[in-house]
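Accompanying notes for the structure given below.
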Amino acid sequence: MKPQQKVSVCCCLGLLVVALATALKEKEKEQVLWSKSWLDLADKDAADSASSALPTQTQTQPPLNLMVPLTLIDSAASKGAVCLDGTLPGYHLHPGYGSGANSWLIQLEGGGWCNSIRNCVYRKTTRRGSSKFMEKQLPFTGILSNKAEENPDFFNWNRVKLRYCDGASFSGDSQNEAAQLHFRGQRIWLAAMEELMSKGMQKADQALLSGCSAGGLASILHCDEFQDLFPETTRVKCLSDAGMFLDAIDVSGGHTLKNLYAGVVSLQEVQKNLPKTCIDHLDPTSCFFPQNLVANVKTPMFLLNAAYDAWQVQASLAPPSADPRGLWGGCKSNHALCNSSQIQFLQDFRNQMLNAVRDFSMSTKNGLFINSCFAHCQSERQDTWFADDSPVLGNRAIALSVGDWYFDRLPVKAIDCAYPCDNTCHNLMFNQ
């Protein structure tokens, strides 16, 4: 073989090796993404629900959102109200004005839970467990937007995003000295409320406590406590977005989410702060499930949920641990790929959701918007909260439905027909 040919062959082989290595790396990335436990997925909230989960609508929107800086709660340390790693908790506040100057909206951030020392130690190295890693400013969109055309009822309110760094929906109260872990969610909640009251919330004539995902569960757990902060003359209500987590059986016949919740409740001693109305007749783990709580919440509440909640499908119903052969991989990434038996399983899950809210929905003070979408957290995202093509039920977008209910303009008990009837959904798609 001539020298030039040898060089040419070597170059080709080299390029082939590089191409193979690149392909393997990409394959490894995919395997890492999908071999991660469902608990890793739990550390994603709707806003960043894995970059692969964001629909194209949000990826193409220009970055014109209001950016609001992080404020740390300096008084929290003396109360032991600290993140998992002992750092100060924080929040983002954009002040209200005009007719909204004395109205307050509190949004509790979501982001899963940690149920073991190992998982909580890992969480300390993320924004979900330490303010050291929190973004110094966040975009306010959807229910937090300051634009009337994006957020018609709450745009000029005092709007707050309370950051989540305890791993137990703002409800734990214990510690682990050996691992240097502080489980102080309840104290963070109390310290944050005290701080916000001193910033003017004590003068509120209207207040709404909301939350998404793990924050949606927190808004249920703390709803009545929130109302107790105010005099009876203040209009106080609560909104739980994608917080209706169900004690459902997974695809292997197990109880993936119940096992997680058992670890969270035990490790962080959540039982100390669970409602007595539930603890008196059910075990603490069951009392961390919203289906056993919502009917006994005294404060008016609105449940906004997808009937086929994307997080629950991904991480609770068909996690890798319950689907070792990956039979649900395609269906989880894109509901259009589900076979008939998988669709039936998901329809059964929707029926459980509707049964879980039946008693809650009978109260005239409560509101519902349950659409038949494969989505998760629809209040913080502009495309689902209020946009030209946002999801609707009864020709009313989510923002208008929540506003109608909050201001008593109309009763809202909107429950969608079963999949695939709703063509207004913004369904989340995941990479396989």
Side-chain angles (χ1 to χ4, degrees), residues 81 91 103-110 160 162 164 166 168-173 184-197 201-245 261 264-265 268-305 356-368 379 402 405-408 412:
Y91 62 92
S103 299
W104 286 73
L105 187 153
I106 312 301
Q107 176 79 356
L108 303 178
E109 186 179 33
V160 180
L162 180 57
Y164 178 40
D166 65 274
S169 289
F170 297 93
S171 62
D173 192 8
R184 301 300 189 191
Q186 180 72 19
R187 298 189 195 193
I188 291 172
W189 158 260
L190 293 170
M193 292 305 105
E194 186 176 319
E195 167 105 343
L196 295 173
M197 292 297 272
M201 194 167 74
Q202 81 275 12
K203 296 176 185 172
D205 47 35
Q206 300 183 122
L208 175 62
L209 176 66
S210 68
C212 146
S213 194
L217 169 56
S219 69
I220 294 170
L221 289 166
H222 291 294
C223 185
D224 286 339
E225 290 176 58
F226 186 65
Q227 185 181 49
D228 289 343
L229 295 172
F230 303 97
E232 287 183 12
T233 51
T234 305
R235 183 201 298 266
V236 182
K237 297 188 179 185
C238 305
L239 163 65
S240 173
D241 176 10
M244 198 63 191
F245 298 98
Y261 276 6
V264 175
V265 170
Q268 301 213 28
E269 297 186 24
V270 171
Q271 70 277 3
K272 297 175 183 175
N273 300 307
L274 292 171
K276 196 168 184 303
T277 51
C278 184
I279 289 290
D280 282 348
H281 66 281
L282 288 175
D283 64 275
T285 299
S286 296
C287 291
F288 202 56
F289 277 99
Q291 67 201 72
N292 299 318
L293 301 172
V294 289
N296 290 319
V297 175
K298 300 187 197 73
T299 309
M301 174 167 283
F302 192 101
L303 295 180
L304 163 61
N305 234 93
V357 301
R358 184 179 293 133
D359 290 345
F360 168 88
S361 67
M362 289 178 182
S363 171
T364 55
K365 72 180 189 296
N366 293 331
L368 281 173
S379 64
V402 172
W405 163 79
Y406 183 86
F407 294 104
D408 298 316
V412 181

Quick check: are there more than 12 heavy atoms from other residues, nucleotides or ligands sitting under 6.0 Å from NZ of Lys203? no

In Leu108, Asp241, Leu304, the residue satisfying side-chain contact (heavy atoms from CB on, under 4.5 Å) with Cys212 is Asp241

Yes or no on side-chain contact (heavy atoms from CB on, under 4.5 Å) for Val236 and Gln206, after CA distance, side-chain angles and deciding distance? CA-CA 6 Å; Val236 182; Gln206 300 183 122; over 6 Å; no

Where do Pro300 and Cys223 come nearest, in terms of heavy atoms and distance? O-SG, 4.5 Å

With heavy-atom distances below 4.5 Å as the criterion, would you say the side chains of Met193 and Ile106 are in contact? yes

Heavy atoms only: give me the nearest Cys278-Asn292 pair and the separation to one decimal. SG-O, 3.8 Å

Ser171 OG to Asp166 CG distance, which is reported to the nearest 0.5 Å: 6.5 Å

Which heavy atom of Leu274 sits nearest to which heavy atom of Cys287, and what is that distance? CD2-O, 3.5 Å

Would you give the length of the straight line joining atom CG of Asn366 to atom CG of Leu303, rounded to the nearest 0.5 angstrom? 7.0 Å

Nearest heavy-atom pair of Ala295 and Asp359: which atoms, and what distance? CB-CB, 4.2 Å

Would you say Ile220 and Met301 make side-chain contact, with heavy atoms under 4.5 Å? yes

Minimum-distance pair of heavy atoms, taken over all atoms of Val264 and Ala168: CG1-CB, 3.8 Å

Output for pair (Ile188 CD1, Arg184 CZ), nearest 0.5 Å, gives 10.0 Å

Measure the shortest side-chain to side-chain distance between Ser219 and Ser240 over non-hydrogen atoms and say whether it is less than 4.5 angstrom. yes

Using a strict cut-off of less than 4.0 Å between a Lys/Arg side-chain nitrogen and an Asp/Glu carboxylate oxygen, indicate whether Lys298 and Asp228 qualify as a salt bridge. no

Is any side-chain heavy atom of Gln107 closer than 4.5 Å to a side-chain heavy atom of Ser379? yes

Answer yes or no: is there a side-chain heavy-atom contact under 4.5 Å between Pro275 and Leu293? yes

Using a strict threshold of under 4.0 Å (side-chain N to carboxylate O), is an ion pair present between Asp173 and Arg187? yes

So Phe288 and Gln271, do their side chains get closer than 4.5 Å, heavy atoms only? no

Which pair of non-hydrogen atoms, one from Gln227 and one from Thr299, has the smallest distance, and what is that distance? OE1-OG1, 3.0 Å

Rounded distance (nearest 0.5 Å) linking atom NE2 of His281 with atom OG of Ser286: 9.0 Å

Do the ring centers of Tyr261 and Phe289 come within less than 6.0 Å of each other? yes

Checking Ser361 side chain against Arg358 main chain: does a donor-acceptor pair fall under 3.5 Å? yes

CD of Gln186 to CG of Asn273, rounded to nearest 0.5 Å, is 3.5 Å

Measuring from Thr234:OG1 to Met201:CE, what's the distance to the nearest 0.5 Å? 10.0 Å

Would you mind reporting whether Leu208 and Leu239 have side-chain heavy atoms less than 4.5 Å apart? yes

Is the closest side-chain heavy-atom distance between Lys237 and Trp405 below 4.5 Å? yes

Only residue of Tyr91, Phe170, Trp189 satisfying ring-ring contact (aromatic ring centres under 6.0 Å, His included) with Tyr164 is Phe170

Let's go through Thr233 and Asp205 carefully: what are the C-alpha distance in whole Å and the side-chain angles of both, what is the deciding distance for side-chain contact (heavy atoms from CB on, under 4.5 Å) to 0.1 Å, and is it a yes or a no? CA-CA 7 Å; Thr233 51; Asp205 47 35; over 6 Å; no

Hey, does the side chain of Tyr406 reach the backbone of Phe302 with a donor-acceptor pair shorter than 3.5 angstrom? no

